[in-house]
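Note that this is a predicted model, so its numbers are computed, not measured.
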Amino acid sequence: ANHDDISRSMLIAVLLRKEVSSLAGYSVKNVKFVSEWEIVRILGEMTNPLLHVFETCNCSSSNVKRQIGFVIAEVCSSLSVMEEGISIHVMNLVLERIANECSKTDKASLYLLSSLAQRSPLTLIDAKGKELPIILQNAISNLQSTTNPNNITEALQSVQIIIETLLYISIASDKPSSSSPTTASSPTTTATALSNQTNPKERLVQLIQIQTMTENNPKKLSISTTSNAASFGIACLDPLLKFILSIVTKTATTLSNNPKNHEILQSIMQTLSQCASTCPSLLAGNLDVFTNVCRTFLFIASSSSSSLS
């Protein structure tokens, strides 16, 4: 594709995403004046064609595929505040189509998974709460087996995407519910209870709270080793931190020769800091996870200091 084709494709994807968001927003505000089911039907029927374009996109610019992923995530987000049952069905469809590529650390698929975690985390947990750790663990295993001095930058970018995904799904999985307490063995319980007992406007408020990471009750920010977030940390964050440590310690020379690597490592530190302030249980599920968090901060800081000296 030439530059004009790429620019045109990017513009179309951006405009389509905006239209999807506007359509859902209008429906929520004007329930009495528009056929919500008609909008739900249109959004649902968009999913397969969008996934086909996403899967077959062979553009010279990866940004085009990422923008298509944003449109898919917007469809899922819109459905999640309009019709929970159909939104779960659509989310299952999307995850079934991208799970294998996520496990192979395809960046566009990981970006889409991260967008789903940010835009419709409650539905993501409802649909595939028990399978998400497996998908992420497979991706981490792939990173461990395929990373070499020539692809460290891409590997670190994948690490950053996975940590962001973990943060959003961890917050959503432990979203409090007065009617159905959640347990570490059942990460979908709380999210399901919330989505089943609320109307579209209330679900929209819940999504905004998760996306903006606002928690009004300070007690909810205390560390709980039995929470879903702690389980996600033990299952996924711990091996990811060990992978970061192995990169920092074994490839110090390669890291120091590429400023981009240090930028990504700083972004990883910022995301981990965000985890500490918004979902501390993710970082402290047990002593091993917390120890590796501290070691990661120290090693990244040391590596950055060495590169500057």
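- The two residues Ser21 and Glu74 come nearest to each other via the heavy atoms CB-OE2, 3.5 Å.
- Side-chain atoms of Leu116 and Tyr111, non-hydrogen and from C-beta on, never get closer than 4.5 Å to each other.
- Nearest heavy-atom pair across Arg119 and Ala73 is CB-O, 4.1 Å.
- When hydrophobic clusters are built by joining Ile, Leu, Val, Met, Phe, Trp and Tyr residues whose side-chain heavy atoms come closer than 4.5 Å, directly or via intermediates, Phe243 is not grouped with Leu298.
- Under the 4.5 Å side-chain heavy-atom criterion for ILVMFWY residues, no single connected hydrophobic cluster contains both Leu15 and Val75.
- Residues Val94 and Ile134 do not share a hydrophobic cluster, defined by chaining ILVMFWY side chains whose heavy atoms lie under 4.5 Å apart.
- A 4.5 Å side-chain heavy-atom check between Leu95 and Leu124 finds at least one atom pair inside the cut-off.
- Note on Leu240: it does not cluster hydrophobically with Phe290, by side-chain heavy-atom contacts below 4.5 Å among ILVMFWY residues.
- Taking the side chain as every heavy atom from C-beta outward, Gln118 and Glu164 approach each other to under 4.5 Å.
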### Query
Between Asp106 and Lys65, is a side chain to side chain contact (heavy atoms under 4.5 Å, CB included) present by the stated rule, with each step listed?
CA-CA 11 Å; Asp106 172 68; Lys65 189 170 184 178; 4.2 Å; yes
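- In this model, a donor atom of one side chain and an acceptor atom of the other lie less than 3.5 Å apart for Arg97 and Asn48.
- Side-chain contact between Met82 and Ser87 is absent, with no heavy atoms from C-beta onward closer than 4.5 Å.
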### Task
Show your reasoning for whether side chain to side chain contact (heavy atoms under 4.5 Å, CB included) applies to Ile169 and Leu136.
CA-CA 12 Å; Ile169 63 175; Leu136 296 176; 4.2 Å; yes
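- Taking every heavy atom of both residues into account, Gly69 and Leu112 meet most closely at O-CD1, 3.2 Å.
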### Task
Begin with the C-alpha distance, continue with both residues' side-chain angles, and end with the deciding distance and a verdict on side chain to side chain contact (heavy atoms under 4.5 Å, CB included) for Leu132 and Leu166.
CA-CA 9 Å; Leu132 284 172; Leu166 275 172; over 6 Å; no
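- Ser80 places a side-chain N or O within 3.5 Å of a backbone atom of Ser77 that can act as its donor or acceptor partner.
- Between Met269 and Leu265, the closest side-chain pair of non-hydrogen atoms is not below 4.5 Å.
- Taking both residues in full, the closest heavy atoms of Tyr168 and Pro121 are given as O-CB, 4.1 Å, listed atom of the first, atom of the second, then distance.
- A donor-acceptor contact shorter than 3.5 Å links the side chain of Asn92 to the backbone of Ile88.
- When side chains are defined from C-beta on, Ile162 counts as touching Leu143, because their heavy atoms get closer than 4.5 Å.
- A donor-acceptor pair is defined here as one N or O able to donate and one able to accept, closer than 3.5 Å; no such pair exists between the side chain of Ser173 and the backbone of Asn228.
- The cluster map of Ile, Leu, Val, Met, Phe, Trp and Tyr, joined by side-chain heavy atoms under 4.5 Å apart, puts Leu51 and Val53 in the same cluster.
- Inspection of the Gln274 and Gln270 side chains reveals no N or O donor paired with an N or O acceptor under 3.5 Å.
- For Thr47 against Val90, the heavy-atom pair with the smallest separation is OG1-CG1, 3.5 Å.
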### Verdict with supporting geometry, Leu110 and Thr165, side chain to side chain contact (heavy atoms under 4.5 Å, CB included)
CA-CA 9 Å; Leu110 285 176; Thr165 303; over 6 Å; no
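- Contact of the Glu263 side chain with the Leu156 side chain is not registered, since no non-hydrogen atoms from C-beta on lie closer than 4.5 Å.
- Formation of a donor-acceptor pair under 3.5 Å by the Ser227 side chain with backbone atoms of Ala230 is found in this model.
- Scanning all heavy atoms of the two residues, the minimum distance from Ala284 to Thr225 falls at O-CG2, 4.0 Å.
- Shown here is Phe70, whose CZ atom has more than 12 heavy atoms of other residues, nucleotides or ligands within 6.0 Å.
- Using a cut-off of 4.0 Å between Lys/Arg side-chain N and Asp/Glu carboxylate O, Lys107 and Glu154 are scored as not salt-bridged.
- In this structure, the side chain of Asn292 does not engage the main chain of Asp238 through any donor-acceptor pair within 3.5 Å.
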